[in-house]
**Q** 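I am attaching a structure below and will ask some questions about it afterwards.
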Amino acid sequence: MQSIINDIAEQMAQSPDKGIVASYIPQLAKIDPNQFAISVALPNGEIYSAGCAQTTFSIQSVSKVFTLTLALGKLGESIWSRVGREPSGDPFNSIVQLEHEHGKPRNPFINAGAIAVADAIMQGHQPKETLAEIVQFIRFLANDESIVIDEKVARSEVETGTRNASLAYFMASFGLFENSVDAVLGTYFHHCSIAMNTHQLATAGLFLANNGINPSTGYAVVSPQRAKRINALMLTCGHYDGSGEFAFRVGLPGKSGVGGGILAIAPGKASIAVWSPGLDVIGNSKLGTEALELFASKTGWSVFGQ
Ligand code: GLN
């Protein structure tokens, strides 16, 4: 495993086209695109890393996997009255389908869906309390108390988040929100701004590769059925309008973020986190996807076969 990922990291370092860092969140535009990390966490507790696996980055939309998991735990299946389970085929920040579907977002991984999930999780609590719960949950999953929100990134998102505010106010106009729109947006922007490294992220995702059980603690985070379903949503919706392409090239459930991170799950085998800040045109990590494509072909771990 170590030599597989060393090879991948070496190949990525030589890649001439590293993609373009997200610029619509000014704080993310400052990140050096010449960085790459990969970590592979196995259910037996072994973890292998290559590249800058100790460098933290903004997990952005990868956080939506954890907020969905939390929402399922709090609300159970009733969360599906707030958000659908179909790929959208539209960009992550698109508003178009919301009007046709009466303010119900297509899935929990597009921005509108994650904002609706944030509203559902809050249940009348202040953003601070909900954020403390989200961060605590991620620390528990990663078995690492040092994980925090990057306040600079959060502020940068609040200051430039007019599109997300539009999505939220549009949904609220259908009478769907339980909390104030500003409180929900505050919660959403801050959970997107959680900073982690690939070592922590791969560890945090391990329950999804291990039938819902976090092997570092032995606790069941979710039932095997729920883990399977979260993986299904990651596969079909985790890369927005690039989900089909990601399934075609990589063949693993995966969730990307505009910070350049991707969490990918090889069910029964491993949780893999990659990070490279340069993005493709859709907003998914360019080298991260290439690295996972190589990884899946070298290991034969695609869910669709060798
Ligand atoms: N916080 C980002 C946003 O709301 C998340 C988008 C992403 O990672 N795709 O735009």
Side-chain angles (χ1 to χ4, degrees), residues 19-31 33 56-68 83 87-95 98 105-119 121 127 130-131 134-135 138 149-171 181-196 201 205 233-234 236-243 245-246 254-264 273-286 288-289:
I20 296 170
V21 294
S23 56
Y24 76 101
I25 300 172
Q27 203 61 29
L28 296 183
K30 297 180 183 168
I31 309 289
T56 59
F57 59 91
S58 192
I59 66 167
Q60 291 294 319
S61 288
V62 183
S63 64
K64 296 170 183 174
V65 174
F66 304 120
T67 53
L68 172 67
V83 65
S88 74
D90 282 321
F92 65 84
N93 58 359
S94 175
I95 199 167
L98 282 179
R106 282 226 131 186
N107 68 67
F109 294 150
I110 51 174
N111 287 10
I115 293 168
V117 167
D119 179 54
I121 292 178
T130 306
L131 285 163
I134 295 168
V135 171
I138 292 176
I149 292 169
D150 182 331
E151 285 297 336
K152 275 192 183 162
V153 174
R155 221 169 307 127
S156 191
E157 287 210 53
V158 172
E159 284 164 6
T160 58
T162 47
R163 176 69 68 92
N164 287 316
S166 310
L167 298 173
Y169 277 100
F170 193 69
M171 287 188 280
V181 174
D182 286 343
V184 174
L185 282 168
T187 303
Y188 170 75
F189 288 136
H190 282 78
H191 78 60
C192 286
S193 303
I194 291 170
M196 294 171 80
L201 191 56
L233 289 165
M234 288 170 73
T236 52
C237 312
H239 284 70
Y240 321 111
D241 46 338
S243 299
E245 181 72 8
F246 187 81
K255 182 73 208 81
S256 66
V258 288
I262 302 176
L263 173 64
V274 291
W275 173 57
S276 180
L279 309 178
D280 62 19
V281 287
I282 287 174
N284 300 317
S285 174
K286 183 170 182 294
T289 307

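Read the numbers this way: they start at 1 and go in the same order the structure lists the ligands and their atoms. Predicted model, so just to flag it, every value in this text is computed and none were measured. Position 1 is the first residue of the sequence, and the numbers go up from there.
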**Q** Find the distance between OH (Y24) and OG1 (T162) and round it off to the nearest 0.5 Å.
**A**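 If I round to the nearest 0.5 Å, the distance is 11.0 Å.
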**Q** Could you list the residues that satisfy side chain to side chain contact (heavy atoms under 4.5 Å, CB included) with A168, not counting sequence neighbours?
**A**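 A168 satisfies side chain to side chain contact (heavy atoms under 4.5 Å, CB included) with I115, F177, V181, L185 only.
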**Q** Which label fits H239 and F246: parallel for a plane angle under 30°, tilted from 30 to 60°, or perpendicular past 60°?
**A**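 The arrangement is parallel - the two ring planes meet at less than 30°.
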**Q** So does D280 get a backbone contact from the side chain of K286, meaning a donor-acceptor N/O pair under 3.5 Å?
**A**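 Judged by distance alone, no pair lies under 3.5 Å.
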**Q** Sort out the contact shell of ligand 1: every protein residue with a heavy-atom distance below 4.0 Å, listed by chain and number.
**A**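 The answer is Y24, Q60, S61, F92, N111, E157, N164, Y188, C192, Y240, G257, V258, counting any residue whose heavy atom sits under 4.0 Å from ligand 1.
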**Q** Could you tell me whether the side chain of S63 and the main chain of I59 form a donor-acceptor pair under 3.5 Å?
**A**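 It does not hold such a pair.
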**Q** If you count every heavy atom of other residues, nucleotides or ligands that lies below 6.0 Å from I95 atom CD1, does the total exceed 12?
**A**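 Yes, CD1 of I95 has more than 12 neighbouring heavy atoms, counting only those of other groups under 6.0 Å.
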